[in-house]
Amino acid sequence: MRALIIDDSRVMRSILRRVIEPLGFETAEAADGQDALDQIAAGPVPELCLVDWNMPVMDGYTFITRMREHPEWRDVTLMMVTTESEHSQVVRALAAGAHEYVVKPFTPEAIREKLALLGLLVNEVRA
Amino acid sequence: MSTLALPRSDDLVDVVGQVWDSLLGTGSDVVPAEPVDATARLLGAAHFAARSWSATVDVTGPESRRVTVVVDEDCARSITRHLLLLTRPTVLDVLDALGELANIIGGNLKSLMPSPSTLSLPRAARGVPTYDARLPVSAADATWNGQPVLVTVHVTPPRGALP
């Protein structure tokens with residue numbers, strides 16, 4: 001399965017890659033929402049997007065709303081991974097089309113549990 | 001300005017502690033720092049090596065705050081090596097690592113501050129920022145592998161008034 005990690009921080013992209021690659025995901029990275037949309041439009045379409053909220057050029061909330069404008073991408077799972085922890089922001093993101101929401105700082109186990117709930121885990125963590 | 005509008009030291013310590021535990025693993029220790037001492041350290045950089053790094057984020061809303069993370073050169077590179085698993089981080093790597101620390105700390109503190117508010121993108125640079133010593137501040141002292149890290153939260157004046 002393919003995952004696109006969307007965050008303006010290289011550190012966070014690196015951390016997330018290290019968390020989900022052992023779970024069987026092939027990863028790609030984007031530094032902002034527009035970069036992510038361009039990559040998805042060019043293909044291949046990922047099964048999962050991990051999306052930061054606060055990014056330059058295009059933020060994560062706008063990315064999610066743009067994704068939901070495309071029926072051909074409706075099967076892409078969108079998980080926000082962000083510092084925005086207020087209930088109103090969580091509600092807003094889920095209403096816009098995000099499937100799950102993780103607040104930074106997170107543990108690898110939290111990511112794994114969310115992916116399991118979404119039915120996306122195909123490989124267990126290798127020993 | 002009322003210092004009651006600042007995050008409590010305990011809350012700041014809790015937030016920084018969570019970030020440290022999650023991102024930096026064990027070997028961390030976070031305690032409140034005296035505001036007067038923190039202000040002096042920011043103004044004079046007396047407790048840090050000559051080469052220092054800092055990262056800031058702004059929480060802008062009914063009342064605005066600036067979160068600042070200050071480390072010395074060795075600590076900056078050590079944290080960056082740990083986060084990126086690099087043996088020789090570049091300047092851009094260090095800026096990114098410190099910026100993300102400030103971003104996560106600021107984002108978590110934002111939920112404790114008056115709402116609605118927005119979080120700026122982080123800014124990181126060499127050097128220690130200077131603030132008007134009269135600005136109310138709360139602070140926390142953290143360590144990373146025995147090296148000091150200072151985290152401050154300033155009440156900020158209206159837009160455009162800060163350097």
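Lettering of chains follows the sequences in order, A, B, ..., and the numbering in each one begins at 1.
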(message) Below 4.5 Å, heavy-atom pairs only: which of Ser9(A), Pro108(A), Ser14(A) has the largest tally toward chain B?
(response)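 Of Ser9(A), Pro108(A), Ser14(A), Ser9(A) has the most heavy-atom pairs under 4.5 Å with chain B.
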
(message) Counting heavy-atom pairs closer than 4.5 Å to chain B, which one of Asp8(A), Asp7(A), Asn54(A) comes out on top?
(response) Asn54(A)

(request) Would you mind checking which part of Arg13(A) comes under 4.5 Å of any heavy atom in chain B, side chain (CB onward), backbone (N, CA, C, O), both or neither? (result)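 Arg13(A) has no heavy atom closer than 4.5 Å to chain B.
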
Consider only side-chain heavy atoms of I, L, V, M, F, W and Y, link residues closer than 4.5 Å, and tell whether [X] and [Y] are in one cluster.
| X | Y | result |
| --- | --- | --- |
| Trp53(A) | Leu94(A) | yes |
| Leu83(B) | Ile5(A) | yes |
| Leu48(A) | Ile111(A) | yes |
| Ile79(B) | Val151(B) | yes |
| Val45(A) | Leu50(A) | no |

(request) Compare every heavy atom of Gly107(B) with every heavy atom of Ser85(A), then report the nearest pair and how far apart it is. (result) OG-O, 4.4 Å

When rounded to the nearest 0.5 angstrom, what distance separates [atom1] in [X] from [atom2] in [Y]?
| X | Y | atom1 | atom2 | answer |
| --- | --- | --- | --- | --- |
| Arg10(A) | Thr90(B) | CZ | OG1 | 6.5 Å |
| Ser117(B) | Glu86(A) | OG | CD | 5.5 Å |
| Arg18(A) | Leu84(B) | CZ | CG | 7.0 Å |

(request) Name, in order of residue number, those residues of residues 118-126 of chain B that have a heavy atom at a distance of less than 4.5 Å from a heavy atom in chain A; otherwise write 'none'. (result)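 At a heavy-atom separation under 4.5 Å, chain A is reached by Leu119(B), Leu121(B).
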
(request) Considering only heavy atoms, give the residues of residues 97-104 of chain B separated from chain A by less than 4.5 Å, sorted numerically, with 'none' for an empty result. (result)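 When heavy atoms of chain A are the reference, residues 97-104 of chain B contributes Ala97(B), Glu100(B), Asn103(B), Ile104(B) within the under-4.5 Å range.
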
(request) Check each atom of Leu95(B) against the heavy atoms of chain A and say whether the ones under 4.5 Å are side chain, backbone, both or neither. (result)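 Neither part; nothing is under 4.5 Å.
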
(message) Are the side chains of Ile15(A) and Leu23(B) in contact, using a 4.5 Å heavy-atom criterion?
(response)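 With C-beta onward as the side chain, the pair touches.
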
(request) Would you indicate whether the side-chain heavy atoms of Thr83(A) and Ser111(B) approach each other to under 4.5 Å? (result)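 Contact flag for Ser111(B)/Thr83(A) side chains = no.
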
(message) Donor-acceptor pair, distance only, cut-off 3.5 Å: does the side chain of Ser22(B) make one with the backbone of Phe106(A)?
(response) yes

